[in-house]
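Start at 1 and go down the list; that is how both ligands and their atoms are numbered.
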Amino acid sequence: MMHMFEDSYRHKGMRRNLVKILIDKGITDQAVLKAIQSVPRHYFFDKAFLEHAYQDKAFPIGEGQTISQPYTVAKQSELLEIKPGDKVLEIGTGSGYQCCILLEMQAKVYTIEYNKVLYRHSKLFLQKLGYRANFHLGDGSQGWPTFAPYDKIIVTAGAPNLPNALIEQLKPNGKLVIPVGNETHQEMLRISKDVNGKITSESHDYFKFVPLLGKFGWSEN
Ligand code: SAM
């Protein structure tokens, strides 16, 4: 009988091709590429959609939400400059795929999801796969003060502007990677806080995310 989570040579080969695509698109962080090679992205897809799992594109996961495009996951992970042991806050658990990539990079992950169905599903699913993270159902636009400060914060939904609460929850020498813009496209910002608490911002290209909701996100009506 075939195991529910089968990761065959064929799947691994498809992932190697995906890694090549990401290298061609400019991803150089070896730890990121290794994590993409390690996490079976097809586990996050219904069997019928296997062919879609290793294409470089976003895909619907229900509840009107998406699993981010592999390039976007790789780019955000690279911009975060993850070091083993980093304490990372992820806003927008979604499918849990990005969370697994961060865990493979040996980060300690705190992840928040606003949608109850996705929160429940991803928490259970990652447990089944043997990935350990700290899950929270709530409004990530306000961060997660209980465990602050964080070395790194990643926002995986498009924000209308930069939430102050997130900057406050960054450690000195910390980095926040967040897409900011309108509903159709967002600029990927990397915010760095230096040892004295001084903030600088760099822009890294445009992306398209589903909207960040909540107090410091887009209103829901
Ligand atoms: N990181 C995810 C993955 O790997 O599949 C992709 C996330 S999806 C593009 C964006 C997610 O952000 C959605 O699941 C959405 O419900 C969630 N979201 C939107 N607003 C939020 C908020 N204020 N707090 C937490 N999650 C939020």
Side-chain angles (χ1 to χ4, degrees), residues 18 32 35-36 38-46 49 52-54 56-80 82 88-105 107 109-126 129 131 133-147 150 152-166 169 176-181 183-186 188 207-221:
L18 176 60
V32 171
I36 301 268
S38 302
V39 180
R41 192 167 183 261
H42 66 281
Y43 288 177
F44 298 79
F45 286 64
D46 192 283
F49 299 118
H52 298 263
Y54 294 113
D56 188 25
K57 61 178 197 187
F59 202 77
I61 54 171
E63 299 293 309
Q65 300 301 332
T66 52
I67 179 171
S68 298
Q69 182 181 344
Y71 174 72
T72 306
V73 172
K75 186 70 192 178
Q76 286 197 283
S77 304
E78 181 167 87
L79 287 171
L80 282 172
I82 300 290
V88 181
L89 173 64
E90 179 195 26
I91 292 148
T93 314
S95 69
Y97 176 73
Q98 170 78 70
C99 177
C100 292
I101 295 293
L102 296 169
L103 291 169
E104 285 285 346
M105 296 177 78
V109 184
Y110 295 79
T111 183
I112 307 189
E113 175 54 54
Y114 202 48
N115 178 293
K116 201 170 183 173
V117 175
L118 293 176
Y119 158 77
R120 280 202 190 135
H121 174 269
S122 298
K123 185 179 174 174
L124 243 159
F125 185 59
L126 265 59
L129 294 179
Y131 284 107
N134 304 280
F135 295 88
H136 184 54
L137 174 65
D139 175 15
S141 76
Q142 302 177 61
W144 191 355
T146 315
F147 295 103
Y150 304 94
K152 312 283 161 70
I153 301 178
I154 171 173
V155 181
T156 69
N161 36 51
L162 199 56
N164 241 326
L166 299 187
Q169 290 173 36
L176 160 65
V177 173
I178 178 170
V180 176
E183 281 108 323
T184 58
H185 63 296
Q186 304 92 26
M188 192 64 76
F207 291 81
K208 182 170 173 42
F209 281 85
V210 296
L212 178 75
L213 305 175
K215 189 174 175 194
F216 300 115
W218 295 94
S219 81
E220 277 157 83
N221 38 49

Using only atom types and a distance under 3.5 Å, with no angle test, would you say the side chain of T93 pairs donor to acceptor with the backbone of Y119? no
Close side-chain approach of T111 and L102, heavy atoms under 4.5 Å: no
If the condition is ring pair (Phe, Tyr, Trp, His ring centres under 6.0 Å), which residues does [X] pass it with, not counting sequence neighbours?
{"X": "F44", "value": "Y97, F125"}
{"X": "H136", "value": "W144"}
{"X": "H52", "value": "F49, F59"}

Pick out the protein N or O atoms lying less than 3.5 Å from any N or O of ligand 1, and list each pair with its distance.
| unit_1 | atom_1 | unit_2 | atom_2 | d |
| --- | --- | --- | --- | --- |
| ligand 1 | 1 (N) | E90 | OE2 | 3.1 |
| ligand 1 | 1 (N) | G92 | O | 3.0 |
| ligand 1 | 1 (N) | T156 | OG1 | 3.2 |
| ligand 1 | 4 (O) | Q98 | N | 2.9 |
| ligand 1 | 5 (O) | S95 | N | 3.1 |
| ligand 1 | 5 (O) | S95 | OG | 2.6 |
| ligand 1 | 14 (O) | E113 | OE1 | 2.8 |
| ligand 1 | 14 (O) | E113 | OE2 | 3.3 |
| ligand 1 | 16 (O) | E113 | OE2 | 2.5 |
| ligand 1 | 20 (N) | L213 | N | 2.9 |
| ligand 1 | 23 (N) | D139 | OD1 | 2.9 |
| ligand 1 | 23 (N) | L213 | O | 2.7 |
| ligand 1 | 24 (N) | G140 | N | 2.8 |
| ligand 1 | 26 (N) | Y114 | N | 3.3 |

To the nearest 0.5 Å, what is the distance between NE2 (H185) and CZ (F207)?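 Rounded to the nearest 0.5 Å, the NE2-CZ separation comes out at 12.5 Å.
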